Q: 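Could you have a look at this structure, given as structure tokens, before my questions?
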Amino acid sequence: MTNLDWRAATRHRLFWPVAVLVALLLINVPFTPGFFAIHVRAGHLYGSLVNILIFSAPIVLVALGMTLVIATGGIDLSVGAVLAIAGAASCLYISKETDQNSLSGVLIAVAIGLGAGLVCGAWNGWLVAGRGVQPIVATLILMVAGRGVAQLITSGQIITINSNTPFGVIGGYWLGFPFSVLLIAVMVTLAVVLTRRTALGLLIESVGGNAEASRLVGIRARRIKLMAYIFCGLCAALAGLINSSNLSAADSNNAGLWIELDAILAVVIGGTSLLGGRFYLGGTVIGALIIETLQNTIFTIGVPTQTNLVFKAVMVIFVFLLQSPAFRAKVFRRRARPSAPAVADAAPPATLTTSEVGR
Amino acid sequence: MAEPQPVLEMTGISKQFPGVRALSGVDFRLLPGEIHALLGENGAGKSTLVKVLTGVYELDEGRISLNGAPVRFSSPLQSQQSGISTVYQEVNLCPNLTVAENILLGREPTRRGAIRWRELRRRAAELAARIGLELDVSAPLGAYPLAIQQLVAIVRAVGIDAKVLILDEPTSSLDRDEVERLFGVMRRLKAEGVAILFVSHFLDQIYEVCDRMTILRNGQLVGEYPVTELDQVALVQKMIGRELGELEALTGHIRPAVGDPLVETRGLGRKGAIEPFDLSIHRGEVVGLAGLLGSGRTESARLLFGADGADSGEVRIEERKVSLDSPVAAIAHGIAFCSENRKTEGLVPDLTVRENIILALQAARGWTRPIPAAQRDELVAKYITALDVRPANPEAKVGTLSGGNQQKVLLARWLITQPKLLILDEPTRGIDVGAKAEIQKLVVSLSEEGMSLLFISAELEEVLRLSHTIGVLRDRRLVAQIANGPDVTADRILETIASGAGT
Amino acid sequence: MSALLRDKRLPVLVTAILFIAMFAGGASRYQNQNFLSVQVIANLFIDNGYLLVAAIGATFVILTGGIDLSVGSIVGFTTMLTAWLVQQQHWPVLVVIPLVLAVGCLGGYLMGYVIHYFEIQPFIVTLAGLFLFRGLCLVISKESISIDDRTISKLALYQVQLPGGTFLSLGAVTSLVFLAAAAFVLHYTTFGRRVYAIGGNEQSALLMGVPVARTKVAVYTISGFCSALAGLLFTLYIQSGDPLHAVGLELDAIAAVVIGGTLLTGGAGYVVGTMLGVLVIGLIKTIISYEGTLSSWWIKVLTGALLLAFILLQRVIGSRGRAAPLPAR
């Protein structure tokens, strides 16, 4: 019986992502004493886990929006650029204020940043849904031009701001609690409610799963796609605000560089197929946490940080090879043959489910 | 007379797919200088056999020998190099390349590694001229209509010095003249000693051009016969097997009573798809559309559903002029459409049975108003039971269901929206006999309940059995509308299709 | 009109006209600054030779309907590896050059292999390549390594004199020779036509007997080679290795390919178009530098705007071309 339970558990789509996350966290324990401890110091929540959560906020947010876009059968390469634009726009506004700590000024700056994200998302959505441009191509435009726009906003400089209380809170602490973690919680909840409490999730999965069938069933796919891209733009903008708040600056050159790649990776680790259709918001969050934890772990176990990217590359290949039906067929067939026939019997359903995931 | 040595011999061919045994122990042989038909209903294993022969699929069991020597193909290239050329049902050429390149790709004349373009074009034009096709071979293939592309595919296949030529439903997109031209080429190649395997749904064509035929059913060999020794009726019986008897139960179900007109079209048409037509469908009426593949059956249905935009004419629903410019608009007027392409235009394979069933209703309600879970589960359960979807598990992924059950899921999807007009395009194609009979019964009972149906099928018997009125299409034109009655027979419909004259 | 819209060469023509218009505009605006000279055009090749080579590699990949995101990282890695081997390990340049080219080929080959045989999207595999090679840059060194090797300096300063006092650098000449070779391969060899066939319809190409596997892997290998060669040219141009060299170069390369009229869906396009695309991007840079007051960030914005214009143009051409089929005779 327990054997069966175990097997059912390993089949669950979140089993492997969670297992990898837990394993990564455990690796940290011998290197960081008290890794799992969480204390309250000076009225603030502290601890390695809290740090990981705080630092993962931009990836989680961007990946969240990316999940919905990918589920419609699209992709958004411009999130890094949008992140930079939002950060730049907000910081520029605050830096022009005489009182950088005024709450109303900061709120307007935040609104400007988020507004920029919405506009960028709507632009991508218009190209994809309205003009029928391939998503990879459509968002490539903003990926190229967007960073230029961000640099134009900041005139190519790094804009530093001095707004510790209101703006600094976004990436810092609020009432002793890390505000960005709160933001993650709010946005994840928003995304879940938006997609699962309404029919939006079903319609997104339908459009991504079979676009022509969805048209013939009367789904207004354009509207659905547009919403996904707008949500993705909003998430990227929010990540840009957190990023700028952490740095107290807007760095148009480096803000959000390659975050689109991290986000896509997080989405796929979470079990959502790059071809669209079924999406898993919980999986995406775990995928994003895995990426952040990996980076953190590389740092703590004393491997030079410059190898970070190499590890990430290995992980990308590893994750995708495991999800590739062709790879599994080639590798596992070779192994299954000499072993007991029971293994071969168990193999077809396993490959069937993974091929569905892979698709 | 002693039979010559077969050029191609396949023995004991078996091919298994996950969950389906597509071929089991099939034998097939091809003699030099003959045209050999491969026959069978959809799903009989014809295309699997062709794909095994052309190296697209590797066979699980069995042997293939070519000119007496055993061969084994693991790629189309190998098969092609052994002298087996194929023209597929869909045009399998590259639309972005020129006609000349498509004809000679892989056999380009070169000098010191460089392609000789002028020579390439000259040879391609020469080969095309051999079957009487004159066209600008330097234009991209995609610039030509489908029928011409099909002929180019044949030019390509013929151009290779083929010992065996496989024609997999090449005639479905050709008009009569083009078919005649193709037959001329086939006869000439036959005289040159080429063995031709011809797959076609058009029985008349088979009797016109073939020497022998091999019949498959459910992945098994029924037999091999000279064309002269098996008449059409016997052939159809061998293809269908016992199925004929099981469908008998429904015969004689012609009910005259119909209500007021529901949908009327006036001069509705679309260039290149269907000539302007007038059609009226009454409440509770089943209108059947009969005609050959490519006669405009599906095209007219798609116009009524707004799946394609019409470029002329108007539609009236309940005597009010309406604009059906999109599926959304048609659905709002109570029209539903089950496409013939279940996989590409119907199902969302990753979603569950439940999600697929509620999709149309949910789309109509909009994303902000989800169907309450209790109501949804009740509706889904009701239709799963009513249509006997198996497995009766709303959580099952729809992609894993059999063809018949997938069709029922699609029917449930539309029935749940309670449409006024339900358009069914080939709802019984490629599904098992039991499900076929159930769907036919459903059509009858829906019409008795007052729903109007537009029923499209390639099977005349089915159209005759179910329809009050039969629209006959030919060459993208609605040529006749015949009120069904005891005097209307399959022969008469066939005659109308053949002559194109209304009665 | 419809014949013109259907012509596959139209986008290239548009790019050529755009280039001439931009050049004429620049010439009239900067009359006193000697803009209208052959050397300005020669400089375009000198300053963008590496981009041209990288974009040619990207053209091969995009013609098959794939994409290669690893271009910038391989270019960066090549500069790093070359600088490290030459400067710190004192290897002879003549050994280093074939070695780094082989590394580029190997990288491309591996990516192509994974893409084809394990059926993983090119986007993802080359993304892993992007990470990997950028990471390997940092593994070699986090700092920039400047090169003062005599051979490298000599190669970098070598000038090919042309009639009329203009000159080209070795990098520019290499890129032009490479362009001619690529054009020949794509238009006059069976391999080149297979590349187009796969981009037109991979399934059909397979059924028509095209060795799809070999061709696709070869295309990514070529792209890896081009990236490594571009990296060498970049090293000559800038005479240093830096882990952050050529970040995002893949975007410039893809932009050049698209502006040059190649369809991102594959199957249609010309390397000559890619050259024009590179020249247009190069000319934007030149004009902005002549302008003086405009910041260099406008380069990205303008490139993006051109990208948009050409993608929308491609859609117009695509729909017109389909709408009016040729008459059947």
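Bear in mind the structure is a predicted one, so any value in this text is a computation, not a measurement. Lettering of chains follows the sequences in order, A, B, ..., and the numbering in each one begins at 1.
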Q: So for A:L321, is it side chain, backbone, both, or neither that comes closer than 4.5 Å to the heavy atoms of chain C?
A: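 Contact with chain C involves both backbone and side-chain atoms of A:L321.
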
Q: Does A:I75 reach the side chain of C:F123, with side-chain heavy atoms less than 4.5 Å apart?
A: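 Touching, per the 4.5 Å side-chain cut-off.
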
Q: Anything under 3.5 Å between chain A and chain C that's a donor-acceptor pair? List each one with its distance, please.
A:
residue, atom, partner, partner atom, Å
A:R131, O, C:R315, NE, 2.9
A:G132, O, C:R315, NH1, 2.9
A:S324, OG, C:F118, O, 2.6
A:K330, NZ, C:Y117, O, 2.7

Q: Name the region of C:L302, side chain, backbone, both or neither, that has any atom closer than 4.5 Å to a heavy atom of chain A.
A: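 Neither part, no heavy atoms under 4.5 Å.
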
Q: Which bit of C:L312 is near chain A, if near means a heavy-atom gap under 4.5 Å: side chain, backbone, both or neither?
A: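 When you check distances to chain A, only side chain atoms of C:L312 fall under 4.5 Å.
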
Q: If you compare all heavy atoms of C:V301 against all heavy atoms of A:G148, which two are closest, and at what distance to 0.1 Å?
A: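 Result for this residue pair: CG2-C, 3.6 Å.
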
Q: With a 4.5 angstrom heavy-atom cut-off, is it the side chain or the backbone of C:I124 that approaches chain A, or both, or neither?
A: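 Both the backbone and the side chain of C:I124 come within 4.5 Å of chain A.
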
Q: Does a side-chain heavy-atom distance below 4.5 Å link A:L127 with C:L308?
A: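 Answer yes - side chains close enough.
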
Q: Restricting to non-hydrogen atoms, name the atom on A:A313 and the atom on C:L132 that form the minimum distance, rounded to 0.1 Å.
A: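 Residues A:A313 and C:L132, closest heavy atoms: CB-N, 3.4 Å.
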
Q: At a 4.5 Å cut-off on heavy atoms, which part of C:L136 comes close to chain A: side chain, backbone, both, or neither?
A: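 Both parts, heavy atoms under 4.5 Å.
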
Q: Is any side-chain heavy atom of C:L307 closer than 4.5 Å to a side-chain heavy atom of A:V137?
A: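 Result no, sub-4.5 Å side-chain heavy-atom pair not found.
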
Q: At a heavy-atom separation under 4.5 Å, does C:L130 approach chain A through its side chain, its backbone, both, or neither?
A: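 Side chain only.
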
